[in-house]
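What follows is a short report on a single structure.
Fair warning: this is a prediction, and the values are worked out from it, not measured in the lab.
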2 protein chains.
Amino acid sequence: MKNLPPLKSLQVFLYAAQNNSFKAAAEKLFVTQAAVSQQIRLLEENLKCQLFDRDSKQTRLNAKGKLLIPYIEQAFEQIAHGINAVAFEPSANELRITAIHSVTSLLLIPQINNFQMDNPELSIQFSPNNKLESFKELDVDIAIRRGLGDYPGLESRKLIDDSIILVASPLILQGCLQDMQSIINLPLLEDTSSDIQEAIDDFCSTYKIKRSELTSKLKTTDSVPLIQNALAGQGITFVSKILVAEHLRSGNLVNVLDYAFETPNTLYLVAPEHHFHWGKIQKFEKWLTNLLKSDPL
Amino acid sequence: MKNLPPLKSLQVFLYAAQNNSFKAAAEKLFVTQAAVSQQIRLLEENLKCQLFDRDSKQTRLNAKGKLLIPYIEQAFEQIAHGINAVAFEPSANELRITAIHSVTSLLLIPQINNFQMDNPELSIQFSPNNKLESFKELDVDIAIRRGLGDYPGLESRKLIDDSIILVASPLILQGCLQDMQSIINLPLLEDTSSDIQEAIDDFCSTYKIKRSELTSKLKTTDSVPLIQNALAGQGITFVSKILVAEHLRSGNLVNVLDYAFETPNTLYLVAPEHHFHWGKIQKFEKWLTNLLKSDPL
DNA sequence: AACAACACTTAAGATTTTCTAATGTCATGA
DNA sequence: TCATGACATTAGAAAATCTTAAGTGTTGTT
């Protein structure tokens with residue numbers, strides 16, 4: 001950590017190297033080309049070695065320069081991230097979360113009290129919303145989405161692996177023989193989302209039954225009413241295991257036939273990259289990850 | 001990358017934070033404490049937020065400061081590594097390697113030509129040496145050692161996982177029935193190093209034979225003469241698989257009984273941390289890792 | 001309560017670093 | 001040969017950074 005060269009000269013070096021031209025670097029730094037030339041010379045004198053080859057027509061990084069660049073590049077990236085983390089964090093004591101409807105009501109609302117208690121200074125706001133609109137329009141800090149994690153231009157971090165399971169209320173199961181035939185005769189509360197449909201197809205082929213043998217009672221893309229109907233003993237339904245974890249633990253719902261379909265569609269935290277450096281987001285991510293990881297089911 | 005705060009102020013901030021004191025930081029930076037105070041103020045103004053709490057007896061980092069520190073710490077570490085890589089690389093066109101005797105003669109010497117051809121500017125020197133003396137005394141760039149990778153004060157990087165196998169020349173095997181009894185009746189060329197001894201004990205217990213049933217013909221801690229004797233058909237020997245890989249491939253030695261003892265003792269590259277940032281070391285590490293990884297045995 | 005000790009802040013001016021402007025060098029291509 | 005483009009060099013201007021010296025607030029001592 002001692003005897004570092006002038007830090008400014010390193011910054012100039014980075015620009016010069018990235019542009020392969022002193023002149024271009026000078027323009028981007030809003031200084032004259034002479035200033036760049038001097039800073040590079042200064043750095044080279046300090047390190048006692050050349051960093052650019054100037055012998056022929058074009059100035060190019062030489063071997064030593066190429067070795068140095070990745071270190072300097074990373075260092076300045078780190079600094080920029082740090083600055084983003086503390087300086088450009090808007091309303092550091094407000095946390096605006098947008099999540100799909102089901103996650104908000106089944107996971108976040110029931111559990112958020114623990115987080116709120118650990119972070120009393122934070123004012124937490126939810127925007128239940130199934131569409132992932134532009135972060136700029138929405139003015140939210142972080143989104144929770146179900147999907148494959150491919151959100152162009154945004155950083156996404158997988159929260160947990162998920163599977164689709166078949167659940168029903170113990171109420172409805174008591175009234176029927178619990179063999180395959182009785183179960184598929186129960187009304188199906190059907191989620192028409194593509195990943196759930198995939199699971200239903202898999203279920204049918206696994207147990208060698210025809211899709212037409214299942215009789216659908218309710219069709220929607222929103223898990224919340226499906227789960228509520230299932231709780232009320234209205235039928236069986238295929239749902240994300242994470243969303244019903246709490247109901248399984250309490251016994252209000254049970255996993256029927258121990259069927260599970262591993263789906264690549266799962267929960268992701270999604271936001272522009274620099275949001276993840278904010279203090280409030282780091283706290284929220286840590287809390288949510290722990291919550292889902294410690295889930296004993 | 002735009003609009004970074006003055007880099008000097010970040011450096012001062014780092015010192016102040018690490019010492020929890022402006023005065024201590026000032027001393028380490030060889031400036032007055034007033035200068036530190038001003039730099040910190042400058043940074044705080046630039047970021048438009050406080051980084052230290054000054055209200056009570058001691059100046060301490062506050063939440064924002066604690067969030068920023070790891071970024072700045074890492075950034076300056078990166079810079080220091082980069083500087084070490086290019087500036088303090090002594091004799092960049094000489095590569096001095098110290099390795100244990102067996103590695104030098106069985107692995108390095110036979111293969112080094114490929115490396116030399118890719119890096120004609122490098123003058124390569126070997127110091128076969130089984131003792132790991134201080135790097136300062138020895139004046140070598142890098143060491144290759146067999147062990148567990150615990151070299152206090154030095155960075156060590158595992159090259160490959162190893163196992164101890166039982167080998168013999170096809171010459172000697174032709175002349176005997178290849179059953180267990182015939183094999184253990186062959187003379188044992190015995191490596192008395194502790195990891196090999198462990199393998200021999202494991203071998204005996206695996207095949208339920210008494211240690212005394214093996215008759216030792218040669219005892220040494222150096223694998224080279226053992227392997228040479230084995231090649232000449234003088235007996236069987238337990239050796240590191242890596243060291244005889246070439247002989248196994250060519251058929252000069254064969255793996256007897258397909259016995260293998262997974263040992264935690266294996267090859268490590270060892271050097272002071274900053275050596276690993278030198279261009280010549282990075283090239284050598286890359287080449288050696290590839291060589292061992294691509295080893296088809 | 002008065003006072004010294006300590007750590008940090010602030011302001012003014014000195015010092016050092018970094019910049020610009022002007023000019024020089026060298027290679028390239030019309 | 002001459003114009004052009006990219007970088008180097010220099011002197012002096014501008015800016016950033018430092019020191020000195022005085023000020024603030026807290027702590028501990030007498």
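- Note on A/E121 versus A/K283: salt bridge recorded, some NZ/NE/NH1/NH2 to OD/OE distance being below 4.0 Å.
- End-to-end axis angle of the helix from C/dA1-D/dT30 to C/dA30-D/dT1, from C1' rotation axes over five pairs per end: 10° (rounded to 10 degrees).
- In this entry the distance linking CD of B/Q39 with C1' of D/dT17 reads 6 Å, nearest Å.
- Protein atom CG of A/L7 is 19 Å distant from nucleotide atom P of C/dT16, rounded to whole Å.
- Summarising the geometry, the separation between CZ on B/R60 and C1' on C/dA7 is reported as 14 Å, rounded to the nearest angstrom.
- Following rounding to the nearest Å, A/N46 (CG) and C/dT18 (P) show an atom-to-atom distance of 11 Å.
- Here B/R54 does not reach the OP1 or OP2 of C/dA7: none of its side-chain N or O atoms lies under 4.0 Å away.
- Between A/E44 and A/R41 there is no salt bridge, since none of the side-chain N atoms of the basic residue sits less than 4.0 Å from a carboxylate O of the acidic one.
- Across all strands shown, B/Q38 has heavy atoms under 4.0 Å from base atoms, whether or not it also approaches the sugar-phosphate.
- C/dC26 atom P lies 18 Å from atom CG of A/D53, rounded to whole Å.
- One finds no side-chain N or O of A/K8 lying less than 4.0 angstrom from the OP1 or OP2 phosphate oxygen of C/dT18.
- Taking atom CD of A/E27 as the reference point, atom C1' of D/dC7 lies 14 Å away to the nearest angstrom.
- Residue B/L288 is tested with B/I142, B/L108, B/I112, B/I160 for a side-chain contact (heavy atoms from CB on, under 4.5 Å); the sole match is B/L108.
- Distance from the side chain of B/L42 is smallest for D/dT17 among the nucleotides D/dT17, C/dT20, D/dT19.
- Closest approach to the A/V31 side chain among D/dC18, D/dC7, C/dC19 is made by C/dC19 (side chain taken as heavy atoms from C-beta onward).
- Rounded to an integer number of Å, the gap from B/E44 CD to C/dC8 P is 13 Å.
- Put simply, CG on B/N20 is 10 Å from P on C/dC8, counting in whole angstrom units.
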Quick one, B/I124 with B/F284, criterion side-chain contact (heavy atoms from CB on, under 4.5 Å). Give me CA distance, side-chain angles, the key distance, then yes/no. CA-CA 10 Å; B/I124 303 165; B/F284 182 65; over 6 Å; no
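- Nearest-nucleotide positions on DNA chain C for B/S21 and A/S9 put B/S21 closer to the 5' end.
- The aromatic rings of A/W278 and A/H274 lie perpendicular to each other, with more than 60° between the two planes, well past the 30° mark.
- Between A/T32 and C/dC19, a side-chain N or O to OP1/OP2 separation shorter than 4.0 Å is absent.
- Residues A/Q18 and A/E73 have side chains that bring a donor and an acceptor to within less than 3.5 angstrom of each other.
- Using bins of under 30°, 30° to 60° and over 60° for the plane-to-plane angle, the ring pair A/F52/A/F13 lands in the perpendicular bin.
- Within 4.0 Å (heavy atoms only), B/R41 reaches sugar-phosphate atoms of the nucleic acid but no base atom.
- Between B/I40 and A/A34, the residue anchored nearer the 5' end of DNA chain C, judged by the nucleotide with its closest heavy atom, is B/I40.
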